[in-house]
Amino acid sequence: INDGTLTVTASNFAPGDNATVTFNITNTGSLPGKLKEEVSTPSPFTYSDNLPSTIGAGATITVTANITLPSGTGDKAQGESVTFTVTITATAGA
């Protein structure tokens with residue numbers, strides 16, 4: 001299992017907008033693995049995804065992430081941009 005970092009940049013946001021990002025994670029090893037995630041979440045944006053805590057040996061999982069600029073976030077102008085860094089750390093064993 002190799003660790004990885006994904007950088008996601010979303011642009012042209014206005015309050016109330018959201019975006020969906022999809023990415024795959026593959027366990028190329030012969031042992032199941034545990035997954036741990038760290039996400040930089042610049043305020044006032046929110047980030048959520050469906051990353052499971054484990055991955056089977058040889059498995060590929062598809063992760064869907066949602067990025068939102070909540071409504072009512074003050075005077076944020078149309079065209080707001082944000083960059084998230086998603087780091088996935090994997091360890092062997094379920």
Side-chain angles (χ1 to χ4, degrees):
I1 301 171
N2 294 321
D3 297 343
T5 299
L6 173 68
T7 301
V8 177
T9 302
S11 58
N12 202 23
F13 269 81
D17 285 352
N18 62 25
T20 301
V21 177
T22 303
F23 56 94
N24 293 321
I25 298 174
T26 300
N27 178 351
T28 59
S30 59
L31 296 173
K34 295 179 184 177
L35 300 174
K36 180 183 174 190
E37 175 180 51
E38 292 181 33
V39 181
S40 69
T41 308
S43 180
F45 287 85
T46 63
Y47 175 97
S48 63
D49 65 31
N50 64 335
L51 181 76
S53 60
T54 60
I55 185 171
T60 297
I61 56 174
T62 299
V63 179
T64 302
N66 297 300
I67 299 168
T68 303
L69 178 58
S71 298
T73 54
D75 59 356
K76 291 285 184 183
Q78 177 72 26
E80 188 73 15
S81 296
V82 65
T83 299
F84 288 84
T85 302
V86 181
T87 302
I88 307 294
T89 304
T91 55

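Of all heavy-atom pairs spanning Thr68 and Pro70, the tightest one is O-CD, 3.5 Å. For the pair Ser71 and Gly16, the tightest heavy-atom approach, listed with the atom from each and the gap, is OG-CA, 3.3 Å.
Residues satisfying the side chain to side chain contact (heavy atoms under 4.5 Å, CB included) test with Thr87, not counting sequence neighbours, are Thr5, Thr85, Thr89. Residues satisfying the side-chain hydrogen bond (donor to acceptor under 3.5 Å, both in side chains) test with Thr9, not counting sequence neighbours, are Thr83. Applying the side-chain hydrogen bond (donor to acceptor under 3.5 Å, both in side chains) test to Thr64 and every residue at least two apart in sequence or in another chain returns nothing. Contacts of Thr41 classified as side chain to side chain contact (heavy atoms under 4.5 Å, CB included), with partners at least two apart in sequence or in another chain: Val39, Tyr47, Phe84. The side-chain hydrogen bond (donor to acceptor under 3.5 Å, both in side chains) test applied to Ser11 returns no partner, not counting sequence neighbours. Here Thr62 pairs with Thr22, Asn24 under the side chain to side chain contact (heavy atoms under 4.5 Å, CB included) rule; sequence neighbours left out.
Residues Ile25 and Ile88 form a side-chain contact, since some pair of their non-hydrogen atoms from C-beta on lies under 4.5 Å apart. For the pair Leu51 and Ile61, the minimum side-chain heavy-atom distance is below 4.5 Å. Side chains of Thr54 and Pro32 form no contact here, defined as non-hydrogen atoms less than 4.5 Å apart. Inter-residue side-chain proximity for Asn18 and Asn66 is flagged as unmet; no heavy-atom pair is nearer than 4.5 Å.
Residue Thr26 holds its OG1 atom at 6.5 Å from CD1 of Ile55, rounded to the nearest 0.5 Å. Expressed to the nearest 0.5 Å, how far CG of Asp49 lies from OG1 of Thr20 amounts to 11.5 Å.
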- Message: For Phe23 and Val8: C-alpha separation, side-chain torsions, deciding distance, then whether side chain to side chain contact (heavy atoms under 4.5 Å, CB included) applies.
- Response: CA-CA 11 Å; Phe23 56 94; Val8 177; 5.9 Å; no
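A donor-acceptor pair under 3.5 Å is absent between the side-chain atoms of Asn27 and the main chain of Ala59, judged by distance alone.
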